[in-house]
Amino acid sequence: MIKVYFDRDAQGRIVAFETKGHALYAEPGRDIVCAAVSALLQNVVVGLKQYLGLEIDHQKNKGWMRVSIRGFKGKEKEAAALLETMALSLRAIAGEERYQGYVKVYGSDERGEFI
């Protein structure tokens, strides 16, 4: 299962996210759930770094990735649009009946239950 955790600041903004695991929906190279999640995660990294020019900490290894935003540089609304759209899209995948059990989305306040 892919688990995605979001960390929010006191204003409710997503300031970091971490993903762990593999979907195991299908064999590697044919796993559409893994591909969808990976595309969403990489898309937001490109948007934050290249489109908005934000400085982020981006670490990844096989089956794991963590992204932390160092500062918003006055682009809080634009960053929120990217990050919240990613979160909504991940929740939509996790909520699809045929994909339940392959992706789970968690909040930083509990790192345990879907929010």
Side-chain angles (χ1 to χ4, degrees):
M1 176 185 294
I2 297 172
K3 296 179 180 181
V4 184
Y5 302 93
F6 289 101
D7 292 332
R8 294 180 182 269
D9 65 11
Q11 291 80 35
R13 298 178 299 198
I14 296 172
V15 293
F17 60 91
E18 182 175 359
T19 181
K20 299 177 183 181
H22 298 279
L24 303 175
Y25 181 78
E27 66 272 5
R30 297 187 181 271
D31 193 326
I32 61 171
V33 176
C34 182
V37 170
S38 295
L40 288 167
L41 297 170
Q42 291 301 323
N43 182 64
V44 83
V45 168
V46 168
L48 293 169
K49 286 174 70 173
Q50 295 180 14
Y51 185 73
L52 295 179
L54 300 182
E55 292 182 32
I56 64 171
D57 290 321
H58 178 212
Q59 302 167 315
K60 64 180 182 174
N61 203 336
K62 194 169 188 164
W64 174 81
M65 182 167 77
R66 176 149 179 89
V67 173
S68 299
I69 301 166
R70 291 189 204 156
F72 289 100
K73 298 182 179 178
K75 297 181 180 177
E76 290 84 359
K77 288 183 182 181
E78 296 89 340
L82 290 172
L83 292 160
E84 294 296 343
T85 299
M86 176 189 64
L88 289 168
S89 298
L90 290 167
R91 287 185 184 112
I93 293 170
E96 275 288 321
E97 187 174 327
R98 65 180 172 226
Y99 303 135
Q100 289 180 355
Y102 298 100
V103 179
K104 196 132 183 160
V105 180
Y106 299 89
S108 59
D109 56 339
E110 79 264 77
R111 287 211 174 229
E113 268 313 304
F114 176 84
I115 65 165

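Worth saying up front: this structure is predicted, and the values here are computed from it rather than measured. Side chains included, hydrogens not; waters and symmetry mates left out as well; all remaining heavy atoms used.
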Practice task
Would you name the heavy atoms of Ile69 and Ile14 that are closest together and state the gap between them?
Solution key: CD1-O, 4.0 Å
Exercise for the section: Can you measure from CG (Leu90) to OG1 (Thr85) and round to the nearest 0.5 angstrom? Expected result: 11.0 Å
Problem - Least distance between heavy atoms, Gln11 atom then Asp9 atom - result: N-OD1, 3.0 Å
Practice task
Tell me, with the steps shown, if Leu52 and Phe72 meet side-chain contact (heavy atoms from CB on, under 4.5 Å).
Solution key: CA-CA 9 Å; Leu52 295 179; Phe72 289 100; over 6 Å; no
Handout entry: Salt bridge flag under 4.0 Å for residues Arg70 and Asp57
Key = yes
Practice task
Decide yes or no on side-chain contact (heavy atoms from CB on, under 4.5 Å) for Lys60 and Gln42, but give the supporting numbers first.
Solution key: CA-CA 11 Å; Lys60 64 180 182 174; Gln42 291 301 323; 4.0 Å; yes
Problem - Flag side-chain contact, heavy atom, 4.5 Å: Ile56 against Lys49 - result: yes
Exercise for the section: State plainly whether the residues Glu55 and Lys75 are in salt-bridge range, i.e. N to O under 4.0 Å. Expected result: no
Handout entry: Residues Glu18, Trp64; criterion side-chain contact (heavy atoms from CB on, under 4.5 Å); working and verdict
Key = CA-CA 7 Å; Glu18 182 175 359; Trp64 174 81; 2.7 Å; yes
Problem - Interatomic distance, Glu96 atom CD to Ile93 atom CD1 [nearest 0.5 angstrom] - result: 8.5 Å
Exercise for the section: Quick one: closest heavy-atom pair of Ala23 and Tyr102, and the distance? Expected result: O-CD2, 3.1 Å
Completion exercise
CD1 (Ile2) and NZ (Lys20) are apart, to the nearest 0.5 Å, by 14.0 Å
Practice task
Establish whether Phe17 and Tyr51 are linked, either directly or via other cluster members, by ILVMFWY side-chain heavy-atom contacts under 4.5 Å.
Solution key: yes
Exercise for the section: Check the hydrophobic clustering (I, L, V, M, F, W, Y; side-chain heavy atoms under 4.5 Å; chains of links allowed) and say if Ile32 and Leu40 are grouped together. Expected result: yes
Problem - Nearest-0.5 Å distance that lies between atom CZ in Phe6 and atom CD in Glu84 - result: 8.0 Å
Exercise for the section: Check for a donor-acceptor pair, side chain of Asp31 on one end and backbone N or O of Tyr25 on the other, with a separation under 3.5 Å. Expected result: yes
Problem - Least distance between heavy atoms, Leu54 atom then Gly71 atom - result: CD2-O, 3.7 Å
Exercise for the section: Grab the two heavy atoms, one from Val105 and one from Ala94, that are nearest each other, plus how far apart they are. Expected result: CG2-CB, 4.4 Å
Completion exercise
Ala79 and Leu48 have their tightest heavy-atom pair at CB-CD2, 4.0 Å
